[in-house]
Amino acid sequence: MRKLAQGLSWALVLLIVGLFLSPVRRFLPQDFMQFYFAGRLVVSGQVSQIYNRAAYEPLIAEMHQRGETKLGSQIFNRPAFYAYVFAPLGWVSYQTGVRIVFFLNAVLLGVLVWKLPVWFHLPPSMRVWLLGFFPFMWSIGFGQDTLLVTLLVALAVRAIGQGRETRGGILLALALFKPHVLWLTPFALLASGKRRAFYSFLGAGAALAAVSFAIVGTRGVGQWIELLQAPATDRLPERMSNLRAVGIHLGPAGLVPAALAVAASLLVILRRGGFDEQFAGALFGSLLLSPHTYIQDYSVVAIAAALIPSTPLRYLVLLPWTYLGSSTNSLPLALMAILYLAFLSLRLLSARSIRGGLEPVNGACPEPVRD
């Protein structure tokens with residue numbers, strides 16, 4: 001009966017994944033275009049113009065001539081160093097590029113589903129939950145790059161848990177092409193005493209920032225800031241999964257208590273939790289407090305689910321909360337994140353009062369290895 005239940009679970013999840021991703025055969029991923037254009041600019045020697053809108057006009061005109069009218073996000077908005085990752089796309093057609101990225105995202109999904117339970121000592125049954133994790137599917141369907149962020153962060157946490165703090169800090173810095181989903185994690189490194197990881201993160205991050213500045217110069221940095229502030233980059237805030245969306249949908253009466261709950265919960269978690277809990281809380285806090293958080297960005301909370309020492313909390317995180325919302329409202333995901341932080345902080349407070357404090361969990365890798 002147990003094997004039958006597992007088989008039915010896999011069949012159901014595979015059906016859900018197939019139904020969600022089936023439109024990709026007919027509609028091009030909305031967020032992929034900027035990566036393809038970045039690759040074209042790199043191979044044509046125009047990478048210094050990566051934030052110059054005028055440099056994209058010939059590329060956009062070319063796509064229109066080929067009949068591609070729904071281009072989605074067009075201007076590359078990641079840090080400049082990351083543009084070189086997409087150089088291979090500059091040598092292939094757009095349709096071929098879509099297939100390549102879809103295939104690579106599928107490979108990343110397979111690696112995460114298979115290896116996260118191994119790296120973080122989870123039961124094999126968690127693979128079913130991870131495969132059906134909605135932010136993973138959203139990232140693939142929209143041609144996003146958050147699965148790569150998730151893999152890098154998972155490797156970083158695993159390395160830090162093994163005592164390889166320098167390696168972990170560098171891996172975490174390599175994920176800074178989406179800094180808004182990670183910006184609180186350095187505080188978790190400091191709060192847990194992982195200073196070598198913190199300093200290596202700062203050093204590698206500073207090196208990547210220097211490379212980006214060398215690529216685009218002062219003018220390019222100004223263009224990048226303008227691009228991030230433009231309405232086209234900040235589209236559809238009502239569909240976000242953060243405190244900003246809470247304020248849009250629930251008004252000040254919902255936003256103020258939610259913000260206070262998040263701030264108080266983070267303070268408790270960073271002061272009283274172990275590294276695993278601190279890092280998981282920092283991931284959720286980054287997503288909630290960032291002004292630009294969409295469903296795919298929640299891919300990284302699969303790592304938070306893996307770090308949680310409480311099985312009920314783990315299932316709470318991985319439940320398909322997005323299905324409770326709509327295409328114009330991802331509020332349930334943000335409410336889940338707030339609930340998670342509050343529940344974890346209360347758990348830490350109650351455990352502290354009962355046992356006189358918590359020992360660091362470090363469930364990722366219990367046997368430390370020195371750098």
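- Looking only at distances, no side-chain donor or acceptor of Ser299 sits under 3.5 Å from a matching main-chain atom of Leu147.
- Cluster membership check: Phe120 does not share its hydrophobic cluster with Trp114, using side-chain heavy-atom separations under 4.5 Å among Ile, Leu, Val, Met, Phe, Trp and Tyr.
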*Stepwise, does the salt bridge (Lys or Arg N to Asp or Glu O under 4.0 Å) test hold for Arg40 with Glu62?*
CA-CA 12 Å; Arg40 293 283 301 272; Glu62 178 184 335; 2.9 Å; yes

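- Remark: the Ser139 side chain and the Thr146 side chain contain an N/O donor-acceptor pair separated by less than 3.5 Å.
- Hydrophobic clustering (ILVMFWY, side-chain heavy atoms < 4.5 Å, transitive): Trp91 and Val85 are in distinct clusters.
- The shortest non-hydrogen separation linking Ala154 to Ile303 is N-CD1, 3.5 Å.
- Checking side-chain atoms of Asn242 against main-chain N and O of Ala245 turns up a donor-acceptor pair under 3.5 Å.
- Between Trp138 and Phe134, the ring-plane angle classifies as tilted under the 30° and 60° cut-offs.
- When atom types are taken as modelled, the side chain of Tyr36 and the backbone of Gln95 share no donor-acceptor pair closer than 3.5 angstrom.
- For Tyr94 and Phe32, the ring centers are positioned less than 6.0 Å apart.
- Ring centroid separation for the pair Phe136 and Phe133 comes in under the 6.0 Å cut-off.
- Judged by distance alone, with hydrogens and angles left aside, the side-chain atoms of Gln278 form a donor-acceptor pair with the main-chain N or O of Leu270 at under 3.5 Å.
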*Do Arg195 and Glu165 pass the salt bridge (Lys or Arg N to Asp or Glu O under 4.0 Å) test, and can you show the C-alpha distance, the side-chain angles, and the key distance before you say yes or no?*
CA-CA 8 Å; Arg195 300 197 178 275; Glu165 293 186 21; over 6 Å; no

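- Here the side chain of Gln229 pairs no donor or acceptor atom with the backbone of Glu226 at under 3.5 angstrom.
- In this structure, Leu344 is not a member of the same hydrophobic cluster as Leu267, with clusters built from ILVMFWY side-chain heavy atoms closer than 4.5 Å.
- Between His180 and His292, the ring planes lie perpendicular to each other; the angle is over 60°, past the 30° to 60° tilted range.
- Linking ILVMFWY residues whenever their side-chain heavy atoms come closer than 4.5 Å, directly or via other members, places Leu287 and Phe187 in the same cluster.
- Between Ala38 and Phe76, the shortest heavy-atom contact is CB-CD1, 3.6 Å.
- Ser44 and Gln46 are linked by a side-chain donor-acceptor pair at a separation below 3.5 angstrom, with hydrogens and angles left out of the test.
- With hydrogens and angles disregarded, a donor-acceptor distance shorter than 3.5 Å links the side chain of Arg314 to the backbone of Ala305.
- Under a 3.5 Å cut-off, the side chain of Trp183 and the backbone N or O of Ser286 do form a donor-acceptor pair.
- Aromatic ring pairs are classed by plane angle as parallel below 30°, tilted from 30° to 60° and perpendicular above 60°; the pair Tyr82 and Phe86 is perpendicular.
- Between the side chains of Asn77 and Tyr51, not a single donor N or O lies within less than 3.5 Å of an accepting N or O.
- Side-chain heavy atoms closer than 4.5 Å link hydrophobic residues (I, L, V, M, F, W, Y) into clusters, and following such links, possibly through other members, connects Val149 to Val111.
- Checking side-chain atoms of Ser265 against main-chain N and O of Val262 turns up no donor-acceptor pair under 3.5 Å.
- A donor-acceptor contact shorter than 3.5 Å is absent between the side chain of Thr96 and the backbone of Val92.
- For the pair Glu277 and Leu348, the minimum side-chain heavy-atom distance is below 4.5 Å.
- The main-chain N or O of Thr166 is found under 3.5 Å from a side-chain atom of Ser200 such that the two form a donor-acceptor pair.
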